[in-house]
Structure formats: C-alpha cells, structure tokens
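So the structure is just underneath, and the comments pick up after that.
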There are 2 protein chains.
Amino acid sequence: MQDKIYLEILDKYSLSNTKSRRVLFHIIASSKKPLSATEIIDRASGTMDKTTVYRTLDTFEKTGLIKHVSIGWKQKFELSDNFTHHHHHMSCIVCGKVTSFEESYKLLAELERLEEAYRFIIDEHVIELHGRCISCSR
Amino acid sequence: MQDKIYLEILDKYSLSNTKSRRVLFHIIASSKKPLSATEIIDRASGTMDKTTVYRTLDTFEKTGLIKHVSIGWKQKFELSDNFTHHHHHMSCIVCGKVTSFEESYKLLAELERLEEAYRFIIDEHVIELHGRCISCSR
DNA sequence: CTAACTGCAAAACTTTTGCATTAGT
DNA sequence: ACTAATGCAAAAGTTTTGCAGTTAG
C-alpha cells in the first residue's frame, strides 16, 4: 500500500525509481520515530553517499513524500500525511520516547478561529509537546 | 523592566553581568522577530567571538532567559515567557512576516484533555503556523 | 584575589556545490 | 541512447573543544 503511493508520487513528478530512493524511502517508512538527516545518513551508509541522502530528502520533501517535524532542537523526517493520518508528536524529555497523537475537532476549530482573527490563511500547522511520559513522571 | 528581570535571573544563577551578556541580551530583546544563531553571531560580530555567542545562548536558554522556537526549518531564539506573554508564531511563507498570537483558553483545555488521554505530563508546547498573511494571500 | 568568563585556534560535524560517471526508462 | 541521478572531492557553513589570558565581584 505504501509502495503504491510511493510509486504514484514518483510517477507524478517523473522521478526515477532508483535504488537509493527505494532504500531511503524504506529507511524512513520503517522507522518508528522521525529521523534526523544524520541518523538517516548513518543508516544509509554503505548503500549511498551522504550527498545523495541530502538531495533525496530534499526531493522527497518537495514532492510530498516526506515532511519534516521539530523534535526538541532538531529537524527530523518522517513520511508525509499521504501515508499516515495527519498527526503530531509528544516527546518525553526523560526517556526520549515519541508518541503520536491526532488533533481533535475542537483543536481544528480553534485554528480556524485564529485564521479569522488574524486574517491569515493557515497552510500548515505544527504542534509539538514536550513533557514526561507516564513511566518517567514518578 | 526587562533589565530588572534580566539581572534577577543572572543573580539567581550567580552569573556575572558581563559586557557580552548585556550586548547579547540586548540584541535578542530588541529584535522584532526570533533570530537564528547565525543571525545573532552576525549582529554581535566585532563585539565578541562566535564561541561566546554559542556559550551564552546556551547559558541563557538553560536559565530561562531565552527560549528557542521553530520557524520553518530553523531554530531561532527569542526572549522567554519571563519577559513576554506566552505566545506562538504564524509565519508567512511568501513574505516571511512573523506574527505572534496567544493561545485561547479553549486551546489550553484541549491540551489538558490530551494529557489525560495519553497519560502524559506536558511541560512545554510548541504551536507553529505556516501560511499566507492577508497581503500575500491574493 | 580567584573563580568565572572570554578569545583564539583548531577540530568536529553538517550541508552544499561542481563535475565526471553511472543507471533508469 | 538520452536524461536524470549518483559518487566523489572539495568547499562552505555551523557548532564544539581545549587552553591561555582577561575580567567581574
């Protein structure tokens, strides 16, 4: 299923389905948490050059295959909402565990209110929560 | 007023009120928008070494004088909520204009609901909106 | 005076660029 | 075969480290 969308997007933008791209897509798709550029370079090392990683991440991001999210200080990458339900992250500052959550209707309604109030068209919203998970909070 | 809080925090952590720190605090305090490390280094150049900038930003962040926010791809710095009302940013992807907004009570209530639902204690939340401001949206 | 802070030089790490070679369709 | 994609080497940019010298309290 994910592969089908992957191929469709490559096709849509007339991009070749190269080995590097398949490997990189797989690395990101199979990770349970968002990965930083460096983490991806490490996991891809041996298979491709880091230059290719940067270029491919850029391509993947521009075509909507992946998106970047802010986790703490870093920018990390994960599959775009084309593959997963739109969601956000809460990360535990103690153990580093990253939990995904979907926003509620009420929250979306609040964003719409902000659009009105500030006369601003919201194309994208990022919500990031930091704190302590149940195991680390006692 | 800001200076008073600045001095109090330095005092609280037994930090010296050095020239570099005063200059750096002033650069951040007087900027209308959050600044990246590089932007701060540029503005401070001539006055101090970049090493000092990095070390000072680190100190300022740890002591709660400043905080970092995600604007697009970058991490930027601004005064912490000790100086300003807690707020978030919406940035225009066309002209780059950054507008601040305060979150509503409803939004906070939603965050509390999330704490319950996911059994997670939220210490900090980041909300970042990207889109187009009124002037750029037509 | 002396502990904290800073500057400098160098290293480490991250990202970008140009060009020659290779691989995909 | 032709173009897009990759690898390599080098440059550019960013952040960190160690140490010697300086400064604030």
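Please read all numbers here as calculations on a predicted model, not as lab measurements. Each chain gets a letter, A, B and so on, in the order its sequence line appears, and its residues count up from 1.
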Taking salt bridge (Lys or Arg N to Asp or Glu O under 4.0 Å) as the test, write out the residues that go with [X], two or more places apart.
X: A:D3; result: none
X: B:D123; result: A:R132
X: A:K62; result: A:D58

Within this structure, what is the [atom1]-to-[atom2] distance between [X] and [N], rounded to whole angstrom?
X: A:L57; N: D:dT6; atom1: CG; atom2: P; result: 12 Å
X: B:M48; N: C:dC8; atom1: CE; atom2: P; result: 13 Å
X: A:D49; N: C:dG18; atom1: CG; atom2: P; result: 16 Å
X: B:D58; N: C:dT6; atom1: CG; atom2: C1'; result: 15 Å

Exercise. Between the two ends of the helix from C:dC1-D:dG25 to C:dT25-D:dA1, what is the bend in degrees, rounded to 10 degrees, where each end axis spans five pairs?
Worked result: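 Overall, the helix from C:dC1-D:dG25 to C:dT25-D:dA1 bends by 40° from one end axis to the other.
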Exercise. Excluding sequence neighbours, so at least two apart, what forms side-chain contact (heavy atoms from CB on, under 4.5 Å) with B:D42?
Worked result: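 B:D42: side-chain contact (heavy atoms from CB on, under 4.5 Å) contacts with B:T38.
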For this session: Using the test side-chain contact (heavy atoms from CB on, under 4.5 Å), find all partners of A:I41 that sit at least two apart in sequence or belong to another chain.
Result: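 For A:I41 the side-chain contact (heavy atoms from CB on, under 4.5 Å) partners, ignoring immediate neighbours, are A:K50, A:V53, A:Y54.
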For this session: Return the orientation label for the A:F83 and A:F25 ring planes: parallel under 30°, perpendicular over 60°, tilted otherwise.
Result: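 Aromatic pair A:F83/A:F25 classed tilted.
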For this session: Fit a plane to each ring of A:H88 and A:F101, take the angle between them on a 0 to 90° scale, and name the class: parallel (under 30°), tilted (30 to 60°) or perpendicular (over 60°).
Result: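 If you compare the ring of A:H88 with that of A:F101, the planes turn out tilted.
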Considering only nitrogen or oxygen atoms on both sides, find all protein atoms under 3.5 Å from nucleotides 22-25 of chain C and state each distance.
from, atom 1, to, atom 2, distance (Å)
C:dT25, OP1, A:N17, N, 3.0

Compile the donor-acceptor pairs under 3.5 Å between side chains in residues 112-121 of chain B and protein atoms, sequence neighbours left out, one pair per line.
from, atom 1, to, atom 2, distance (Å)
B:R113, NE, B:E110, OE1, 3.2
B:R113, NE, B:E110, OE2, 3.4
B:R113, NH2, B:E110, OE1, 3.3
B:E115, OE2, B:I122, N, 2.7

For this session: Determine the contact category for A:T59: base if any of its heavy atoms lies under 4.0 Å from a base atom, sugar-phosphate if only primed atoms, P, OP1 or OP2 are that close, otherwise nothing.
Result: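 Nothing: the residue A:T59, judged by heavy atoms under 4.0 Å, touches no strand.
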Exercise. So what does B:T47 hit on the nucleic acid, given a heavy-atom distance under 4.0 Å: a base, only sugar-phosphate, or nothing?
Worked result: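 Sugar-phosphate, no base atom in range.
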For this session: Treat primed atoms plus P, OP1 and OP2 as sugar-phosphate and everything else as base, then score nucleotides 10-22 of chain D 5' to 3': B for base contact with protein heavy atoms under 4.0 Å, S for sugar-phosphate contact only, - for none.
Result: ----SBBBB----
For this session: Any salt bridge (charged side-chain N to carboxylate O under 4.0 Å, His left out) involving residues 8-24 of chain B? Give me the pairs, sequence neighbours left out, ordered by first then second residue.
Result: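 Every salt bridge (charged side-chain N to carboxylate O under 4.0 Å, His left out) pair that includes a residue of residues 8-24 of chain B, provided the two are not neighbours, is B:K4-B:E8.
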Exercise. Under the salt bridge (charged side-chain N to carboxylate O under 4.0 Å, His left out) rule, what pairs show up with a residue in residues 78-90 of chain A, not counting sequence neighbours?
Worked result: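 Sorted pair list: A:K67-A:E78, A:K67-A:D81.
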Problem set entry | Members sharing B:V94's hydrophobic cluster (side chains within less than 4.5 Å) |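 The other cluster members (ILVMFWY side chains, heavy atoms under 4.5 Å, direct or chained) are B:I93.
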